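Read through the structure below, which is laid out as structure tokens, and then see the notes.
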Amino acid sequence: MAALDTLRDVTTELLVRATRGISAGSLLNADSGRADTSARLDDWAGVLSLYPADNESPSARATA
């Protein structure tokens with residue numbers, strides 16, 4: 001019976017460690033994804049400013 005209890009304890013410990021590792025990895029992936037998305041939004045905001053808005057005429061934005 002003691003062997004069964006020991007096996008249960010070891011199995012539980014391994015499961016807890018694996019779950020923590022998965023959770024930590026997921027958080028790192030989420031942080032990385034947010035950083036990538038933010039950088040891409042900043043890039044597109046810079047490009048979008050080159051185009052006239054729907055309610056502006058193209059000549060109003062042209063500069064020499």
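All figures in this text were calculated on a predicted structure; none of them were measured in a lab. Residue numbers start at 1 and run along the sequence shown.
- The one candidate from Val16, Thr11, Val10, Thr12 that meets the side chain to side chain contact (heavy atoms under 4.5 Å, CB included) condition with Leu14 is Val10.
- A salt bridge links Arg34 with Asp31: the distance from a Lys NZ or Arg NE/NH1/NH2 to an Asp or Glu carboxylate oxygen falls below 4.0 Å.
- Note on Leu27: it does not cluster hydrophobically with Ile22, by side-chain heavy-atom contacts below 4.5 Å among ILVMFWY residues.
- For the pair Ser38 (side chain) and Ala35 (backbone), a donor-acceptor distance under 3.5 Å is absent.
- Interatomic distance, Arg17 CZ to Thr19 OG1, rounded to the nearest 0.5 Å: 12.0 Å.
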